[in-house]
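To start, the structure itself, in structure tokens.
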Amino acid sequence: EVQLVESGGGLVRAGGSLRLSCVVSGITFDNYAMGWFRQAPGKEREKVGCNSISSRSRTTYTDSMKGRVTISSDNAKNTVYLQIDGLGHEDTAVYYCAAAHFIYGCSGPFDYWGQGTQVTVSS
């Protein structure tokens with residue numbers, strides 16, 4: 001059974017930082033590109049960024065969040081992380097991790113998804 005389990009969400013003050021984790025099981029971690037997405041209330045889901053399988057150092061981010069987010073991974077732990085700095089109210093959303101087979105890479109499709117973790121930014 002494939003599982004992607006996010007954690008690390010919660011309530012955080014504006015201006016703060018958060019690191020989300022996504023533990024992957026049931027697939028060969030190294031064979032997948034790992035993406036982070038988010039969906040705010042009343043809005044469509046958007047991609048935050050993605051770490052490509054071809055090189056774990058090749059990571060892309062959505063323009064609106066560049067400079068504030070960092071995706072990293074620990075292959076030994078089958079875990080991918082999303083660090084968000086300078087949180088603002090606009091970052092309030094459910095954050096999801098997802099896996100796309102290396103054949104497709106960060107363009108997707110993303111075959112496997114986690115259940116999401118809520119991030120709420122307060123004043």
Hey, are the side chains of [X] and [Y] touching, using non-hydrogen atoms and a 4.5 Å cut-off?
{"X": "V94", "Y": "Q118", "answer": "yes"}
{"X": "V23", "Y": "L4", "answer": "no"}
{"X": "S72", "Y": "D74", "answer": "no"}

In terms of hydrophobic clusters joined by side-chain contacts under 4.5 Å, are [X] and [Y] together?
{"X": "M65", "Y": "L82", "answer": "yes"}
{"X": "V69", "Y": "M34", "answer": "yes"}
{"X": "V48", "Y": "Y96", "answer": "no"}
{"X": "V119", "Y": "W36", "answer": "yes"}
{"X": "F29", "Y": "V2", "answer": "yes"}

Residue pair [X] / [Y]: nearest heavy atoms and the distance that separates them:
{"X": "S52", "Y": "A33", "value": "CA-CB, 4.2 Å"}
{"X": "S73", "Y": "N75", "value": "OG-OD1, 3.6 Å"}
{"X": "Y61", "Y": "T70", "value": "OH-CA, 3.4 Å"}
{"X": "F110", "Y": "G35", "value": "CE2-N, 3.8 Å"}

Mind checking the [atom1]-[atom2] spacing from [X] to [Y]? Nearest 0.5 Å is all I need.
{"X": "S25", "Y": "E1", "atom1": "OG", "atom2": "CD", "value": "7.5 Å"}
{"X": "I27", "Y": "Y112", "atom1": "CD1", "atom2": "OH", "value": "6.5 Å"}
{"X": "Y81", "Y": "L18", "atom1": "OH", "atom2": "CG", "value": "14.0 Å"}
{"X": "N78", "Y": "D30", "atom1": "CG", "atom2": "CG", "value": "7.5 Å"}
{"X": "I71", "Y": "T60", "atom1": "CD1", "atom2": "OG1", "value": "7.0 Å"}
{"X": "H101", "Y": "N31", "atom1": "NE2", "atom2": "CG", "value": "5.0 Å"}

Check the angle between the aromatic planes of F37 and W113 and answer parallel, tilted or perpendicular using the 30° and 60° thresholds.
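If you compare the ring of F37 with that of W113, the planes turn out tilted.
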Could you tell me whether a side-chain N or O of [X] sits under 3.5 Å from a main-chain N or O of [Y], the two making a donor and an acceptor?
{"X": "E6", "Y": "G116", "answer": "yes"}
{"X": "T92", "Y": "V121", "answer": "yes"}
{"X": "T79", "Y": "K77", "answer": "yes"}
{"X": "R68", "Y": "G86", "answer": "yes"}
{"X": "K43", "Y": "A93", "answer": "no"}

Verdict with supporting geometry, H89 and S123, side chain to side chain donor-acceptor pair (under 3.5 Å)
CA-CA 8 Å; H89 296 293; S123 300; 3.3 Å; yes
Side-chain donor-acceptor pair present, D85, S17, cut-off under 3.5 Å:
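A donor-acceptor contact under 3.5 Å links the two side chains.
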Kindly indicate whether a cation-pi arrangement holds for R38 with Y95, taking the cut-offs as under 6.0 Å to the six-membered ring centre and within 45° of the axis.
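Pair R38/Y95 does not count as cation-pi.
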